[in-house]
Amino acid sequence: MGRRCAWLEGVTPPSVSDTAASDSAPTPGWVDEAFDGVRYGLAGKVIAEQQSAFQRVTIIESERYGKGLLLDGCWMTAERQERHYHEAIVHPALCGAERIERVLVIGGGDGGTARECLRHPGVQHLDMVEIDGLVVEWSRQHLPSIGGAAWGDPRFQLTVGDGIAWAANATDASYDVVIVDGSDPAGPAEGLFNRAFFAHCRRILRPGGVFATQSESPEAFRQVHLDTVRLLREVFGHAEPMYGWVPMYPSGWWSWTFAAVDGPRYRQPRPERAAAVADGCEIWSPRWQQGAFEAVPAFVERALAGA
Ligand code: SPD
């Protein structure tokens, strides 16, 4: 799949230019991810932008959701919307795995996934392997609340490097949970959606382990979504998508897919683990999770049944 995002800014909708009639009101622009004839945008302005060795990294200040991060013009996260995504990708895996001593996060350079993992007291060591050092540096500088306590947690080990190579070189059965918090399957994240990579993720999971990945939008990226779920079922034996919302992402309707070898253990949160984190969550709860796994759209159910 080629690059899919276009970049638009400085487009001022009528409602904004009307209110900007007074001299004191600044005229914000719009920062949009454009995909397939639709734009997903926030009113705000770019405060930092640079081409790294891997991608264009952009930090914006938005009116509604605080500071945000885009990679190659695609929305990744924002200060006041990140919990929809990070709680969803982490807690079904961390509450369902048999053990959670050793966790691997591939990608996740803004720190939000690591932060949610490290809220689980049973995690003893977390490796985070992010390919782009600029994403980490700017997330720490501009979006410090997203990584929060993770950046200084003694259990947290950051490696700036290739997560695909990390998985390929890791010892068999060396992690209890593997979470892939990558961007869309284009550019540096393309290799995070293929069979060889998923097979290594299965190999490095301990018995009773759980794998999790973001699996795109069932509306905006239907084929990628279906292909990802199918492939994970083939590789792991058990894999199920879970559906929620990340309003700034294309269509707002998003999915995460969880996989395990010994059964769908990601479906049933262990009560003591859930109790340790639920009060601090904005979106996730065992009840929300149950509904989110059940909310499989009919077309997905049909497509997967015919797989
Ligand atoms: N289309 C956006 C997919 C982004 C998935 N990763 C987001 C990074 C948040 N930690």
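What's counted below: heavy atoms across the whole structure, side chains too, no hydrogens, waters or symmetry copies. Order of appearance sets the numbers: ligands from 1, and atoms from 1 within every ligand.
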**Message:** Below 4.0 Å from ligand 1: does a non-hydrogen atom of His86 turn up there or not?
**Reply:** yes
**Asked** Relative to each other, are the rings of Tyr249 and Tyr85 parallel, tilted or perpendicular (30° and 60° limits)?
**Response** perpendicular
**Message:** Does the plane of the ring in His120 sit parallel, tilted or perpendicular to the ring in His91? Use 30° and 60° as the thresholds.
**Reply:** tilted
**Request:** Run the numbers for me: atoms of ligand 1, each under 4.0 Å from some heavy atom of Asp110, listed by number.
**Result:** 8 (C), 9 (C), 10 (N)
**Prompt:** Counting from 1, what ligand 1 atoms have a heavy atom of Gly182 closer than 4.0 Å?
**Reply:** 4 (C), 5 (C), 6 (N)
**Complete:** Residues passing the side chain to side chain contact (heavy atoms under 4.5 Å, CB included) test with Arg206, sequence neighbours excluded, are Arg99, Glu101, Arg102, Ala173, Asp176
**Request:** Determine whether the side chains of Asp132 and Ser52 contain a donor N or O and an acceptor N or O closer than 3.5 Å.
**Result:** yes
**Prompt:** Any chance the side chains of His225 and Arg222 put a donor and an acceptor closer than 3.5 Å?
**Reply:** no
Show which side-chain atoms of residues 133-140 pair as donor or acceptor with protein atoms under 3.5 Å away, not counting sequence neighbours.
from, atom 1, to, atom 2, distance (Å)
Ser139, OG, Val135, O, 2.7

**Fill in**
At under 4.0 Å between heavy atoms, what of Trp254 touches ligand 1? The answer is side chain
**Asked** How does Tyr85 reach ligand 1, by side chain, by backbone, by both or by neither, if only non-hydrogen atoms under 4.0 Å count?
**Response** side chain
**Request:** Return yes or no for this condition: an N or O of Asp181 is under 3.5 Å from an N or O of ligand 1.
**Result:** yes
**Asked** For Thr113, is at least one N or O under 3.5 Å away from an N or O on ligand 1?
**Response** no
